[in-house]
2 protein chains.
Amino acid sequence: MSHSSRREKSNCPISYSLDLFGDRWTLLVLRDLILHGKTRFAEFQDSDEKIASNILAERLRRLEGQGVVVRQKDPTDARQKIYAVTDKGQSLTPVLLEIAAWGASHDPQTGAPDGFANSFYADREGYYREHRRRIAELLEKQDAG
Amino acid sequence: MSHSSRREKSNCPISYSLDLFGDRWTLLVLRDLILHGKTRFAEFQDSDEKIASNILAERLRRLEGQGVVVRQKDPTDARQKIYAVTDKGQSLTPVLLEIAAWGASHDPQTGAPDGFANSFYADREGYYREHRRRIAELLEKQDAG
DNA sequence: ATAATAACTTGCAATTTGAAAGTAATATCA
DNA sequence: TGATATTACTTTCAAATTGCAAGTTATTAT
């Protein structure tokens, strides 16, 4: 009975999206997965915002249930699970980048790289492409390591 | 002590953004303001999701406090307040449209216009332009009425 | 004058969150 | 091999937030 099931029906696509990630933590987990290439439970817990383990577990369960994330066993260590985004999850990249760009351009103390928002706004498609490259590279290194 | 003040500091631009709109209701209010041209307290209450009046009041107060929204008195009726987005608020349009497009493309039962997501993804900048036109037109009609 | 209306506020029960501690399975170390 | 760490969670419970319903206050309409 958590989340949307008590709410009024709405066929608004924004409302649909918010049923899935309209809370603080879900988008931060997706940020770590999609933008930072994180894959382990403990890695999500390590980020600055310090998500509680019970909340993290619940959010990952929901994301998996909605087909946004998959949970695989780590072949090299049976204690660990590998979390990864599906295509449905990957397609949230532009949402995350817009949110990041907005934050970067309005937070006087942003920690985002200099000129990030401007170069993103100047050529979104180009930025997406470059981002894909960066992440592919990052995950490749992880597999190697 | 509500919202971010108890949280760990993070200089992540996404975290900054979520401090402002990382909850269900704030983005729905912004949707109504930015995408539907709503301007009155009662109009926000009328949307399908049925936000409670105390929550709505609190969210509008925060948005005003953060310079995302302004509250003006209606010159023709002293009971009413006119809510409008500032430039900072307007610049959230791409965030909302990305969220809408994602929802529309993944919700089998979306109520979004046919082909919305595709035409948005095909030419974002073009869509932003057209959207600006539509809203300008809409607000003009409201002033006339 | 009287009744509506608009924009809120208040009170309170119910839900959700967050911090801390605990558990189970596996891996590493001495 | 037995003891100690790790990893990914679960459990517990107090505290914070939410959501309804019912006010309240200041206008405006009849």
Side-chain angles (χ1 to χ4, degrees), chain A residues 1-10 15 18-29 32-33 38-65 69-84 142, chain B residues 1-10 15 18-29 32-33 38-65 69-84 142:
Chain A
M1 179 71 57
S2 123
H3 280 273
S4 67
S5 48
R6 192 187 47 269
R7 267 192 285 274
E8 288 293 313
K9 275 175 224 308
S10 158
S15 205
L18 295 181
D19 276 345
L20 182 61
F21 58 76
D23 74 290
R24 175 176 193 72
W25 296 115
T26 303
L27 276 174
L28 290 177
V29 170
D32 287 347
L33 272 162
K38 295 187 179 180
T39 59
R40 317 294 157 136
F41 195 92
E43 285 183 299
F44 302 127
Q45 287 190 283
D46 283 345
S47 33
D48 286 348
E49 294 87 2
K50 299 296 170 215
I51 185 170
S53 59
N54 53 347
I55 307 284
L56 175 57
E58 198 267 343
R59 294 302 192 276
L60 287 170
R61 210 179 297 135
R62 293 193 81 236
L63 288 171
E64 198 191 359
V69 153
V70 284
R71 195 178 56 145
Q72 302 150 323
K73 46 178 74 166
D74 183 339
T76 74
D77 184 341
R79 288 171 306 180
Q80 298 193 48
K81 297 294 153 107
I82 300 173
Y83 286 96
Q142 272 181 23
Chain B
M1 180 70 60
S2 126
H3 279 272
S4 68
S5 47
R6 189 186 50 268
R7 267 192 286 273
E8 289 294 312
K9 272 174 225 309
S10 156
S15 205
L18 295 181
D19 276 346
L20 182 61
F21 58 76
D23 73 289
R24 174 174 192 72
W25 296 114
T26 302
L27 276 174
L28 290 177
V29 170
D32 287 347
L33 272 162
K38 295 188 179 180
T39 59
R40 317 294 157 133
F41 194 93
E43 285 183 300
F44 302 127
Q45 288 190 282
D46 282 346
S47 34
D48 286 348
E49 294 86 3
K50 299 296 171 214
I51 184 169
S53 59
N54 55 343
I55 308 284
L56 175 57
E58 198 267 342
R59 294 302 192 277
L60 287 169
R61 209 179 297 133
R62 294 193 80 237
L63 288 172
E64 197 191 0
V69 152
V70 284
R71 195 178 58 146
Q72 302 150 324
K73 47 177 72 166
D74 182 338
T76 75
D77 185 340
R79 289 171 306 179
Q80 299 193 49
K81 298 294 154 107
I82 300 173
Y83 287 96
Q142 272 180 23

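So you know, we letter chains A, B, ... as the sequences are listed, proteins then strands, and number each from 1.
For F21(B), the ring-ring contact (aromatic ring centres under 6.0 Å, His included) partners at least two apart in sequence or on another chain are W102(A). For A57(A), the side-chain contact (heavy atoms from CB on, under 4.5 Å) partners two or more places apart in sequence, or in a different chain, are F41(A), R61(A). Legend: residues meeting side-chain contact (heavy atoms from CB on, under 4.5 Å) with K81(A), ordered by chain and number and at least two apart, are R71(A), Y83(A). In this view, D74(A) and R40(A) satisfy the salt bridge (charged side-chain N to carboxylate O under 4.0 Å, His left out) rule, not counting sequence neighbours.
In this structure, W25(A) does not reach the dT17(C) phosphate: none of its side-chain N or O atoms is under 4.0 Å from OP1 or OP2.
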Requested in this report: Go along nucleotides 5-13 of chain D 5' to 3' and tag each nucleotide: B for a protein heavy atom under 4.0 Å from its base, S when only backbone or sugar atoms are that close, - otherwise.
Outcome: -BSSBBBB-

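No donor-acceptor distance shorter than 3.5 angstrom exists from the side chain of T26(B) to the backbone of D23(B), with no hydrogens or angles considered. Under a 3.5 Å cut-off, the side chain of E64(A) and the backbone N or O of L60(A) do not form any donor-acceptor pair.
Inter-residue side-chain proximity for E49(A) and L28(A) is flagged as met; some heavy-atom pair is nearer than 4.5 Å. The shortest distance between side-chain heavy atoms of V29(B) and L63(B) falls below 4.5 Å.
Toward the 5' end of DNA chain C, the nearer of the two residues A78(A) and A52(A), judged by each one's closest nucleotide, is A52(A).
What separates CD of E49(B) from C1' of dT18(D) is a distance of 16 Å, to the nearest Å. Counting to the nearest Å, the P atom of dA20(C) and the NZ atom of K50(A) are 13 Å from each other. Atom CG of L28(B) is separated from atom P of dT18(D) by 13 Å (rounded to the nearest Å). Distance NZ (K73(B)) to P (dA26(D)): 14 Å, rounded to an integer number of Å. Summarising the geometry, the separation between CG on L56(A) and C1' on dT17(C) is reported as 14 Å, rounded to the nearest angstrom. If you take NZ of K38(B) and P of dA6(C), they are 14 Å apart, rounded to a whole angstrom.
Rounded to 10 degrees, the angle between the two end axes of the helix from dA1(C)-dT30(D) to dA30(C)-dT1(D) is 10°, with five pairs used at each end.
Contact check on R24(A) versus D19(B) returns a salt bridge, with a Lys/Arg side-chain nitrogen under 4.0 Å from an Asp/Glu carboxylate oxygen.
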